[in-house]
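The next block holds one structure in the form of structure tokens; read it before the comments.
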Amino acid sequence: MKKLLCVLFMALAVLSFAQGNTKPEFQAFSSSLLKLKPAEGGWQKFSLKVEVAPWAFQAIGEVHVVAGDPELLNSALYDGTLYSIVAYIPAPAAGTDGKEYQVGVFDVMLFLEDEPTQVRNVKFRLLPPANDEWAMGIFKDAIASGTALGSVWGGAYEDEITKASAVPLDKKQLQANLKKKERPEPTPVAEPEPAPVAKKKKKRSYNEDEEDEDGSNLTVKEKRRRAMLQKKREAAAEEAEEEAEEEEEAPVVKKKKKKRSYDEDEEEAPVVKKKKKKRSYDEDEEEAPVVKKKKKKKKKVVYEDDEEEE
């Protein structure tokens, strides 16, 4: 089955190329993914290896020594001014790890400070997990299509090459991009659905409880909730009425009792004390002198009788 699909894909690729629809794309990689060997006869062997999705390939070739200085490219490699750009035909293939890989790579160029160098004997090979029979079939077809385009480093694709060279990717950036692609997949599906739908249902159910008198639009759960709320409101209203009645009666009874008791005590106390004191003092003062006068009179009578007898 895979062989049949591979043949069909290759046939479609050849047909599209014949129609002039084949267009390469470009991706830049930083110097950290490049390796250089010592110069021999004016050429240095290089190797570019990328193993982070959506890439799983290795490119090898030779680069011409620039300005006859065999150490110039080595210095540029460490300075980061030497980078590579890969030309590929967009041809994704599923790897054995379930991720998607671009296996249509067909050409590579090394740039020194934004200027292309001279390369030769460029070869590509696919790496696991994107090197099964299906991926290899797509890869071979892309090589054939890319080779038929001729040199892609001229003026026809200069704008695309300039855009790609602006941001050469290293291993860390590739891994970060891979994580970004993996994260958004669950979030758009999980977040929008539960949050808004749940809130809208709750708001509508509460509005219907307040507005629908017959309850025709309510579900069974909402009807039960509505009945429970009604019972709680009635119970709360009864308690509030009872508390209000108790508060009205209590202060009236207390105020009447206190005012009457204090008034009676204040009025009766002074009246009783004044009457008793005045009456007791008047009686004592009147009786005392009367008793004394009677005694004196008796003595006088006795003395007069004695004198007469003598």
Side-chain angles (χ1 to χ4, degrees), residues 52-55 90 92-102 129 163 166-167 169-288:
V52 181
W55 309 99
T96 56
D97 59 351
K99 297 175 183 177
E100 192 176 78
Y101 292 86
Q102 287 288 353
K163 289 178 182 178
V167 187
L169 299 177
D170 58 15
K171 191 172 182 179
K172 290 182 179 179
Q173 290 170 328
L174 288 167
Q175 290 173 343
N177 292 340
L178 180 61
K179 288 180 181 179
K180 287 180 181 179
K181 289 180 180 178
E182 290 176 350
R183 285 176 186 171
E185 290 179 359
T187 49
V189 178
E191 289 182 359
E193 290 183 358
V197 172
K199 287 180 180 178
K200 287 180 180 178
K201 285 182 179 179
K202 286 179 181 178
K203 288 180 180 179
R204 288 175 182 175
S205 64
Y206 291 139
N207 292 334
E208 289 172 0
D209 290 341
E210 294 176 358
E211 296 176 0
D212 294 345
E213 295 180 357
D214 57 351
S216 59
N217 294 330
L218 300 177
T219 61
V220 176
K221 289 183 179 179
E222 289 169 351
K223 288 179 179 179
R224 290 177 182 174
R225 192 180 301 159
R226 183 177 179 178
M228 290 294 292
L229 288 172
Q230 187 63 28
K231 287 181 180 179
K232 286 181 181 179
R233 290 170 184 168
E234 290 177 357
E238 290 179 0
E239 289 179 1
E241 289 179 0
E242 291 177 0
E243 289 178 358
E245 290 177 358
E246 290 177 359
E247 288 178 357
E248 289 177 358
E249 292 176 359
V252 171
V253 173
K254 287 180 181 178
K255 286 180 181 179
K256 287 181 180 179
K257 285 182 180 179
K258 284 182 180 179
K259 285 182 178 180
R260 289 177 181 176
S261 62
Y262 291 140
D263 294 341
E264 289 175 358
D265 293 339
E266 290 176 358
E267 289 177 0
E268 291 177 359
V271 171
V272 173
K273 286 181 181 179
K274 287 180 180 180
K275 288 180 181 180
K276 284 182 181 179
K277 285 181 181 180
K278 286 180 179 181
R279 288 178 183 176
S280 61
Y281 292 138
D282 294 340
E283 289 175 356
D284 293 337
E285 290 176 359
E286 289 176 359
E287 288 177 0

Strictly distance-based, threshold 3.5 Å: is any side-chain N or O of Q173 a donor or acceptor partner for the main-chain N or O of D170?
yes
Which pair of heavy atoms, one from Q102 and one from P92, lies closest together, and at what distance?
OE1-N, 3.8 Å
Straight-line distance of K181 NZ to K99 NZ, nearest 0.5 Å
11.0 Å
Nearest 0.5 Å, what's the CD-CD distance between E234 and Q230?
5.0 Å
Shortest non-hydrogen contact from Y101 toward P129:
OH-CG, 3.3 Å
Can you name the nearest heavy-atom pair linking V52 to Q175, along with the distance?
CG1-N, 4.0 Å
